[in-house]
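Fair warning: this is a prediction, and the values are worked out from it, not measured in the lab. Chain A is the first sequence line, chain B the second, and so forth, proteins listed ahead of strands; every chain is numbered from 1. When reading the values below, keep in mind they use all heavy atoms of this one structure, side chains included, and skip hydrogens, waters and symmetry mates.
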2 protein chains.
Amino acid sequence: MVSKNLMAASTKPIILTILAREEMYGYQIIHNVTQISGGTLEWSEGMLYPVLHRMEKEKLIQSQWRMVENGRRRKYYGLTENGRKELEQEKHQWMKVHKVLSKLWALTPS
Amino acid sequence: MVSKNLMAASTKPIILTILAREEMYGYQIIHNVTQISGGTLEWSEGMLYPVLHRMEKEKLIQSQWRMVENGRRRKYYGLTENGRKELEQEKHQWMKVHKVLSKLWALTPS
DNA sequence: GTATAATACCTATAAAATCTAGGTATAAGA
DNA sequence: TCTTATACCTAGATTTTATAGGTATTATAC
């Protein structure tokens, strides 16, 4: 299990990265994340849907309803141009912070 | 500048790491972080002090007032045993999430 | 054929965290 | 003497998040 803050910090970059590769619907994203992370990250629906809605309002992603053969409806999300730019920034920021932490952790403890 | 979420996620591990090496007072921590991060992270007092108080309440750190030669008082913080354990967990969690992101970012974009 | 699990979406509201914008006091330097 | 730097603090408005639900359809197990 991952702490609340770390969860909050990683959610957006993960969603952006996943959707940059392939359009997906919410439920699928959840299972995808569980699988990719090997269980490190277990997202709930109640946590993901509001995030997707917010990101859509911020125009980072856009949705589209699609009907699947079996009659079930799914809301597919894809990245907007803004979303792509945001992803680059998020990556960059994450790496910057990671470098600070790596540096700190590399120092021999006194 | 680093996003709010990333800031929130990195604050605790950074404080724990810094205090694991050396006891410090709040004001000093702020300047230390600015310096170590090369300006990537710019903490404000209004953001740090409440965090320090919360962490002390959680018994991760403990404080001690000291008088310095020049007559100024400083509140020095050091890690507790719990704090040391927490640091190990924080490191571990960060690395886990970092691995997930690295993995995602290493894949060639479709 | 019926009950349960899985799929797939949604949100109101309570609870928690954060940020702003202040405040105090002393010492050093201009 | 005035300003800047040092060094701490917090009330309260705002924002976020988590909980715990809700709906509806399809697939599977009994």
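- At D:dT17, one or more side-chain N or O atoms of A:Arg54 fall inside 4.0 Å of OP1 or OP2 (strictly under the cut-off).
- The CH2-P distance, from A:Trp43 to D:dA18, rounds to 12 Å in whole Å.
- If you measure from atom CE of B:Met47 to atom C1' of C:dG22, you get 18 Å, rounded to the nearest angstrom.
- The OH-C1' distance, from A:Tyr76 to C:dC9, rounds to 13 Å in whole Å.
- Between B:Tyr76 and B:Tyr25, the ring planes are perpendicular. Angles over 60° get that label, and only those under 30° would be called parallel.
- Under the 30°/60° scheme for interplanar angles, the aromatic rings of A:Trp94 and B:Trp105 are found to stand perpendicular.
- Taking atom CD of B:Glu42 as the reference point, atom C1' of C:dC19 lies 17 Å away to the nearest angstrom.
- Listed nucleotides C:dC9, D:dA5, D:dC9 differ in distance to B:Tyr27; the shortest reach to its side chain belongs to D:dA5.
- Rounded to whole Å, atom C1' of D:dT25 lies 12 Å from atom CH2 of A:Trp65.
- The side chain of A:Tyr49 places an N or O atom within less than 4.0 Å of a non-bridging phosphate oxygen (OP1 or OP2) of C:dC9.
- Heavy atoms of B:Gly26 sit under 4.0 angstrom from primed sugar atoms or phosphate atoms, though from no base atom.
- Note on A:Arg72: every side-chain N or O is 4.0 Å or more away from OP1 and OP2 of D:dA27.
- In this structure a side-chain-to-backbone donor-acceptor pair under 3.5 Å is present from B:Glu56 to B:Ser63.
- The distance between atom CE of B:Met7 and atom C1' of D:dT15, rounded to the nearest whole Å, is 17 Å.
- For C:dA8, one of the phosphate oxygens OP1 or OP2 lies less than 4.0 angstrom from a side-chain nitrogen or oxygen of A:Tyr25.
- Side-chain proximity of A:Asn5 to C:dT18, C:dC10, D:dT10: nearest is C:dT18.
- Judged by distance alone, the side chain of A:Lys59 and the main-chain N or O of A:Thr80 form no donor-acceptor pair under 3.5 Å.
- Of the possible donor and acceptor atoms, none in the side chain of B:Gln93 sits under 3.5 Å from a partner among the backbone N and O of A:Leu6.
- In this structure, CG of B:Leu48 is placed 13 Å from P of D:dT10, rounded to the nearest angstrom.
- Nucleotide D:dT17 holds its P atom 14 Å from the CG atom of A:Leu52, rounded to whole Å.
- At the phosphate of D:dT16, neither OP1 nor OP2 sits under 4.0 Å from any side-chain N or O atom of A:Lys4.
- Residue B:Glu45 is classed as a base contact, given a heavy-atom separation below 4.0 Å to a base.
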